[in-house]
Amino acid sequence: MRLDLSKEEFFLRGGVLDKVLDSTFERSLIIDKDGRVIFFSKNSQLASGKSKESVLGLHINDVYPSEGLLKVLETGESDEGLMTLLDDQMGIATHIPVFDKDELIGVIGIVYFNSIASIKKVLAQMPMKEDKVFDEVYHSISRQFSTYSFKDYVGKSDVVKKLIEKTKNAAESNYPVLLIGETGTGKEILANAIHNYNRQTFTNPFVKINCSAIPSELLESELFGHEKGAFTGAGSQKRGKFEVANNGSILLDEIGDMSFNMQTKLLRVLEEKEFERVGGNRLIATNARVIASTNVDLKELSAQKRFREDLYYRLNILEIRVPSLRERIEDIPYLVEHFVKKNHLSIVFSKEALDYMMTYSWPGNVRQLRNVVNRFGVLNKNSEVRLENVYEVLPRADAGQTQLCPQIANAEKSEPDKIVTLEAAEKELIIKALKICNGNKSKAASMLAVSRSTLNRKVSRYELDE
């Protein structure tokens, strides 16, 4: 594939070429024969957050590391259907050389699908045919490619910023990663993002398996595959997840539920980088990167002899603790806004409703928050979600307590026999509330179930202004 244009047509900005590139593709840009950007589409600006003025005139490597575009400049041959990573999103791109007669004058880069999620959306809308070709491609992509990037982990708190920085550092290596966090905290999003962020794995398969959802007697076959006739029902040879994920990543979700016997076999794969299919005797090499996730404390399980200690220490080379929503309550307004926009919900939340939501404990974490927002999107369509509506879904705690107060009310539990004055206890409670809310007095007042003026008066009384 090539495009033939005169130099005048190629370098004319605002013409037909620019209009087509602006309106047709999810991203597009043009570089000249020296590799410098001369066009950066509106969609590219929106997707990347980069302005046209900041990009034009720069060498393409200063905008995006792009071996594909420079290779086309060198060879003059198009590069079609290339898996590419842009701003942590893996999509499908094509690079087209542009000629003026026989002179190569530049390259056009276009992205058809800005993410794997975009491809899945298109395939899901394809009409069903007898051969179910689109259905098969959809399921293949869903099972073998990573959908999320670090941009999908929503939050602006310092806790989230530190988490993303630490996880990106881990992603750049090829060591196993262990993600530990409560249910609903976004461990799978981070696992996807780790795969996509690593330059060696992002174009290769990302395979997921839930260790708690598969009976232990079948898990070995799922992970390592089996030979024909290996057991009753094994009518043909089957490749296992580790074989499919070779040179990519494999997510072992809920690894704490894996049987002791399977833990032993997994340890060998991590140590030796090889395995045998069930019923087979041939060693198969694998270079799949292991990402494990769990909502239980593996170190405690190891102490209870329910998890192999040597496997735990093999997995926790890069251990990442994923915070609960209670540890980053300041992200709740951003998460609510994100879910409203993503699901095109016709609702708004009153300030009082949001303030109360920031005092709730959220035992289901971000997943629970998402489901609550979606519920309001149905029940309160085209209206404002008020405090009384939130009370119906998130019951109020007992009088004098707030739902978030396990963090505060339990503060004194470490010294149960210590007796303090009411004033000292109140002062300590206010200090802890302000600390949790990063000094935001409105949020702290809501958490403590007092008015802002009452809190200000007590802050002054106890000389806590600083």
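Nothing fancy with the numbering, it's 1 onward along the sequence. Just the heavy atoms: all of them, side chains too, but no hydrogens, waters or symmetry mates, feed the values below.
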Practice item. May I ask you to decide whether D297 forms a salt bridge with K299, counting only side-chain N to carboxylate O separations under 4.0 Å? Key: no

Check your understanding: So, are K208 and E188 salt-bridged, with charged N and O less than 4.0 Å apart?
Key -> yes

Review point. Should the heavy atoms of other residues, nucleotides or ligands under 6.0 Å from CD of E217 be counted, would the total exceed 12?
Key: yes

Review point. Considering residues at least two apart in sequence or located in another chain, which fulfil the ring-ring contact (aromatic ring centres under 6.0 Å, His included) criterion with H95?
Key: none

Exercise for review: Report the C-alpha separation of E243 and R277 in whole Å, then their side-chain angles, then the decisive distance to 0.1 Å, and conclude whether the salt bridge (Lys or Arg N to Asp or Glu O under 4.0 Å) test is met.
Suggested key: CA-CA 10 Å; E243 195 169 348; R277 294 195 186 109; 2.8 Å; yes

Review point. Who passes side chain to side chain donor-acceptor pair (under 3.5 Å) against S54, sequence neighbours left out?
Key: S51

Check your understanding: What's the verdict on side-chain hydrogen bond (donor to acceptor under 3.5 Å, both in side chains) for N365 and E182, showing C-alpha distance, side-chain angles and the deciding distance?
Key -> CA-CA 8 Å; N365 291 293; E182 297 177 14; 3.0 Å; yes

Check your understanding: Should N247 and T201 be marked as a side chain to side chain contact (heavy atoms under 4.5 Å, CB included) after you check the CA-CA gap, both sets of side-chain angles, and the distance that decides it?
Key -> CA-CA 6 Å; N247 295 321; T201 63; over 6 Å; no

Exercise for review: Compute whether any side-chain donor of one residue and acceptor of the other, for Y312 and E319, lie under 3.5 angstrom apart.
Suggested key: yes

Check your understanding: Atom CG in L270, atom CG in L311: separation rounded to 0.5 Å?
Key -> 6.5 Å

Review point. Using 30° and 60° as the class limits, which term best fits the ring planes of Y360 and W362: parallel, tilted or perpendicular?
Key: perpendicular

**Study point:** Exercise: identify the closest heavy-atom pair between T167 and F150
**Key:** CG2-CE2, 3.6 Å

Review point. Does any donor atom in the side chain of D331 or S157 lie under 3.5 Å from an acceptor atom in the other side chain?
Key: yes

Review point. What residues form a side-chain contact (heavy atoms from CB on, under 4.5 Å) with K161, not counting sequence neighbours?
Key: D158

Practice item. Take I291 and L252, measure what side chain to side chain contact (heavy atoms under 4.5 Å, CB included) needs, and give me the verdict at the end. Key: CA-CA 6 Å; I291 304 172; L252 302 176; over 6 Å; no

Exercise for review: Measure the spacing between CG of L354 and CD of E337 and express it to the nearest 0.5 Å.
Suggested key: 10.0 Å

Practice item. Looking only at non-hydrogen atoms, find the nearest pair between G256 and L298 and report the distance. Key: CA-CD2, 3.8 Å

Practice item. Locate the shortest heavy-atom distance separating L434 from A444; write the atom from each residue and the value. Key: CD2-CB, 3.8 Å

Check your understanding: Are more than 12 heavy atoms from other residues, nucleotides or ligands located less than 6.0 Å from atom NZ of K42?
Key -> no

Check your understanding: Looking at side-chain heavy atoms only, is the closest gap between V385 and S350 below 4.5 Å?
Key -> no

Review point. Short question: side chain of S221, backbone of L218 - any donor-acceptor pair under 3.5 Å?
Key: no

Review point. With a 4.5 Å limit on heavy-atom distance, are the side chains of K50 and Q45 in contact?
Key: no

Practice item. May I have the step-by-step check of side chain to side chain contact (heavy atoms under 4.5 Å, CB included) for V322 and I180, ending in yes or no? Key: CA-CA 6 Å; V322 184; I180 300 179; over 6 Å; no

Practice item. Can you sort out the partners of D22 under salt bridge (Lys or Arg N to Asp or Glu O under 4.0 Å), two or more places apart, ordered by chain and number? Key: none

**Study point:** Minimum side-chain heavy-atom gap H195-I250 below 4.5 Å
**Key:** no

Point to revise | Any residue meeting side chain to side chain donor-acceptor pair (under 3.5 Å) with T286, in chain and number order, not counting sequence neighbours | key: none

Study note, to complete from the structure: For F376, the ring-ring contact (aromatic ring centres under 6.0 Å, His included) test, sequence neighbours excluded, returns F349

Practice item. Find out whether E384 and I347 are in side-chain contact, i.e. whether some heavy atom of one side chain is under 4.5 Å from a heavy atom of the other. Key: no

**Study point:** Sub-6.0 Å ring centroid separation between F260 and F307
**Key:** no

Practice item. Starting at CD of Q304, measure out to CG of L301 and round the result to the nearest 0.5 Å. Key: 5.5 Å

**Study point:** Reported CG-to-CG distance for the pair N204 and N246, which is rounded to 0.5 angstrom
**Key:** 8.0 Å

Review point. Is any side-chain N of the basic residue among E172 and R199 closer than 4.0 Å to the acidic one's carboxylate O?
Key: no

Exercise for review: Quick one: list whatever passes salt bridge (Lys or Arg N to Asp or Glu O under 4.0 Å) with E388, sequence neighbours left out.
Suggested key: R386

**Study point:** Minimum side-chain heavy-atom gap E276-I284 below 4.5 Å
**Key:** no

Check your understanding: side-chain hydrogen bond (donor to acceptor under 3.5 Å, both in side chains) between R27 and S41: does it pass, once the steps are laid out?
Key -> CA-CA 7 Å; R27 296 196 193 203; S41 72; over 6 Å; no

Point to revise | Check: L335 and V373 side chains under 4.5 Å, non-hydrogen atoms | key: no

Review point. Which residues pass the salt bridge (Lys or Arg N to Asp or Glu O under 4.0 Å) test with D253, sequence neighbours left out?
Key: none

Check your understanding: Do you know the tightest heavy-atom contact between V177 and A170?
Key -> CG2-CB, 4.4 Å

Point to revise | Which residues share a side-chain contact (heavy atoms from CB on, under 4.5 Å) with R370, sequence neighbours left out | key: F339, R367, N374

Review point. Of all residues at least two apart in sequence or in a different chain, which pass the ring-ring contact (aromatic ring centres under 6.0 Å, His included) check with Y153?
Key: none

Practice item. With sequence neighbours excluded, tell me which residues meet ring-ring contact (aromatic ring centres under 6.0 Å, His included) with F231. Key: H226

Exercise for review: Taking the six-membered ring for Trp and the single ring otherwise, decide whether the centroids of F224 and F275 are under 6.0 Å apart.
Suggested key: yes

Exercise for review: Under the salt bridge (Lys or Arg N to Asp or Glu O under 4.0 Å) rule, collect the residues that match up with E220, sequence neighbours excluded.
Suggested key: K265

Exercise for review: May I ask you to decide if S173's main-chain N or O and R289's side chain share a donor-acceptor pair within less than 3.5 Å?
Suggested key: yes

Point to revise | Student check: side-chain heavy atoms of K187 and T294 closer than 4.5 Å | key: no

Exercise for review: Could you tell me whether the side chain of T24 reaches within less than 4.5 Å of the side chain of I110, counting heavy atoms only?
Suggested key: no

Practice item. Check the pair V393 / L379 against side chain to side chain contact (heavy atoms under 4.5 Å, CB included), numbers first and verdict last. Key: CA-CA 11 Å; V393 178; L379 300 180; 5.6 Å; no

Practice item. Verify the distance criterion only: is there a donor paired with an acceptor across the side chains of E254 and N210 at less than 3.5 Å? Key: no

Review point. How far apart are the closest heavy atoms of I209 and E222, and which atoms are they?
Key: CD1-CB, 3.7 Å

Study note, to complete from the structure: Note: R326 and P363 closest approach over all heavy atoms is NH1-CA, 4.3 Å

Study note, to complete from the structure: Rounded to the nearest 0.5 angstrom, the CD1-CD1 distance for I194 and I320 is 5.0 Å

